[in-house]
Student: 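Sharing a structure here in structure tokens format.
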Amino acid sequence: MEKHTLTAEVRTERGKGPARQLRMNGKIPAVLYGPGGESLVLTVDPVQLTKALTGAFRRNQVLELDIAGGTKEYALVKDLDVHPVGRHVRHADFYRISLDKPVTTDVPLRTKGRAKGVGKGGELRVHFREVPVRATPDKIPSEIMINVENVDMLESVRVKDVVLEEGVEIVLPADRALVFVTSEQKKVVEEAEGAPGAPAGKAPAAAKAPAAKPAGKK
């Protein structure tokens with residue numbers, strides 16, 4: 001993965017007022033935290049940051065923070081505060097990483113091809129839009145692509161079926177289904193067989209016992 005350099009400065013003033021002033025001057029506040037160093041309060045260029053995150057890796061892009069004063073840190077974006085209307089970045093949280101140590105991050109899951117079972121009337125269901133992946137930063141994939149062309153009716157692709165580069169791991173149980181071709185007919189049959197001969201959820205009415213006669217009367 002190619003690293004993107006992002007210039008940053010350590011800021012000394014905090015609070016809403018200084019942050020507002022930063023934005024008026026074309027900068028945004030940011031923080032850097034994580035193992036291997038102290039937390040730093042920073043200032044970065046939002047245009048430079050947005051450009052770095054518009055590539056294939058999006059928020060999984062490895063950033064090299066070039067901090068004024070000669071310090072360099074590697075980081076991933078942990079969180080962004082985006083304006084609800086203008087959609088511009090207002091604040092960034094960076095998580096410190098080491099290039100030789102694995103990290104866990106969410107990676108988009110995509111499918112390609114038309115499943116065999118869909119051609120028979122089934123429906124392809126994708127259980128995850130993103131999956132947690134563990135790898136060293138240089139091996140984090142931009143996406144995980146699953147070819148579903150050979151997936152037949154009532155078949156699935158599980159975690160253990162996905163072939164990944166050495167050192168890359170999906171952090172889910174091996175038997176967890178990622179995509180599945182379901183049959184609408186099977187669903188209808190199962191619902192119909194849930195309560196044969198009677199409305200679902202109702203038990204047959206019990207027979208009433210004859211009322212007891214008062215003592216001394218015939």
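Just so it is clear, the values below take in all heavy atoms, side chains as well, and ignore hydrogens, waters and symmetry mates.
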Student: Would you say the side chains of E123 and T182 form a donor-acceptor pair under 3.5 Å?
Tutor: no
Student: Quick one: pull up NZ in K27 and CG in L22 and give me the separation to the nearest 0.5 Å.
Tutor: 9.5 Å
Student: Determine which pairs satisfy side-chain hydrogen bond (donor to acceptor under 3.5 Å, both in side chains) with at least one residue from residues 76-92, sequence neighbours left out, and list them in order.
Tutor: D81-R90, H91-D93
Student: So do the side chains of L164 and I170 get within less than 4.5 Å of each other, counting heavy atoms only?
Tutor: yes
Student: Is the ring pair H127/F180 parallel, tilted or perpendicular, if the boundaries are 30 and 60 degrees?
Tutor: parallel
Student: Does T71 use its side chain to pair, donor to acceptor, with the backbone of I67 at less than 3.5 Å?
Tutor: no
Student: Taking D175 first and then R158, would you say they form a salt bridge - that is, a charged N and a carboxylate O separated by under 4.0 Å?
Tutor: no
Student: If you define the side chain from C-beta out and look only at heavy atoms, does anything of P108 sit under 4.5 Å from F128?
Tutor: no
Student: If we only count heavy atoms from C-beta on, is the V31 to F94 side-chain gap below 4.5 Å?
Tutor: no
Student: Supply the atom-to-atom distance R59 CZ to L53 CG, rounded to the nearest 0.5 angstrom.
Tutor: 8.0 Å
Student: Looking at Q48 and T7, would you say the former's side chain and the latter's main chain have a donor-acceptor pair under 3.5 Å?
Tutor: yes
Student: Ignoring hydrogens and angles, tell me if any N or O in the side chain of D45 forms a donor-acceptor pair with the backbone of V47 under 3.5 Å.
Tutor: yes
Student: Are the side chain of R96 and the backbone N or O of E73 linked by a donor-acceptor pair below 3.5 Å?
Tutor: no
Student: Flag the pair K3 and D138 as a salt bridge only when some basic side-chain nitrogen lies within less than 4.0 angstrom of an acidic carboxylate oxygen.
Tutor: no
Student: If you define the side chain from C-beta out and look only at heavy atoms, does anything of L65 sit under 4.5 Å from T5?
Tutor: no
Student: Between E155 and D152 (side chain of the first, backbone of the second, donor and acceptor by atom type, cut-off under 3.5 Å), is there such a pair?
Tutor: yes
Student: Side-chain contact test, heavy atoms from C-beta onward, threshold under 4.5 Å: evaluate it for L178 versus V162 and give yes or no.
Tutor: yes
Student: Measure across V44 and A30 and return the closest heavy-atom pair with its distance rounded to 0.1 Å.
Tutor: CG2-CB, 4.2 Å
Student: Do the non-hydrogen side-chain atoms of P29 and R23 ever get within less than 4.5 Å of each other?
Tutor: yes
Student: Does any part of the side chain of V77, heavy atoms only, come nearer than 4.5 Å to the side chain of L63, both counted from C-beta?
Tutor: yes
Student: Do D161 and I146 have side chains that get closer than 4.5 Å, going by heavy atoms?
Tutor: no
Student: Among all residues two or more places apart in sequence or in another chain, which pass the side-chain contact (heavy atoms from CB on, under 4.5 Å) test with P132?
Tutor: T104, D106, V171, L172
Student: Mind checking salt bridge (charged side-chain N to carboxylate O under 4.0 Å, His left out) for K116 and listing every partner two or more places apart, or none if nothing turns up?
Tutor: none
Student: The criterion is salt bridge (charged side-chain N to carboxylate O under 4.0 Å, His left out); which residues satisfy it with K139, sequence neighbours excluded?
Tutor: none
Student: Answer yes or no: does atom CD of E64 have more than 12 heavy-atom neighbours from other residues, nucleotides or ligands under 6.0 Å?
Tutor: yes
Student: What is the distance from atom OG1 of T43 to atom CD1 of I28, rounded to the nearest 0.5 Å?
Tutor: 9.0 Å
Student: Would you say L6 ends up clustered with V10 if hydrophobic residues are merged whenever their side chains have heavy atoms under 4.5 Å apart, either directly or through other cluster members?
Tutor: yes
Student: Go through the structure and list residues passing salt bridge (charged side-chain N to carboxylate O under 4.0 Å, His left out) with R11, not counting sequence neighbours.
Tutor: none
Student: For residues V159 and V126: do they belong to one hydrophobic cluster (side chain heavy atoms under 4.5 Å, members Ile, Leu, Val, Met, Phe, Trp, Tyr)?
Tutor: yes
Student: Just checking, is any N or O donor in the side chain of T105 or N60 under 3.5 Å from an acceptor N or O on the other one?
Tutor: yes
Student: Under a 4.5 Å side-chain heavy-atom rule over Ile, Leu, Val, Met, Phe, Trp and Tyr, are Y95 and V107 clustered together?
Tutor: yes
Student: First locate atom CG of L76, then atom CZ of F57, and finally report the distance between them rounded to the nearest 0.5 Å.
Tutor: 11.5 Å
Student: I need the T111 OG1 to R125 CZ distance, nearest 0.5 Å.
Tutor: 15.0 Å
Student: Sequence neighbours left out, what passes salt bridge (charged side-chain N to carboxylate O under 4.0 Å, His left out) with R110? Give chain and number order.
Tutor: E143
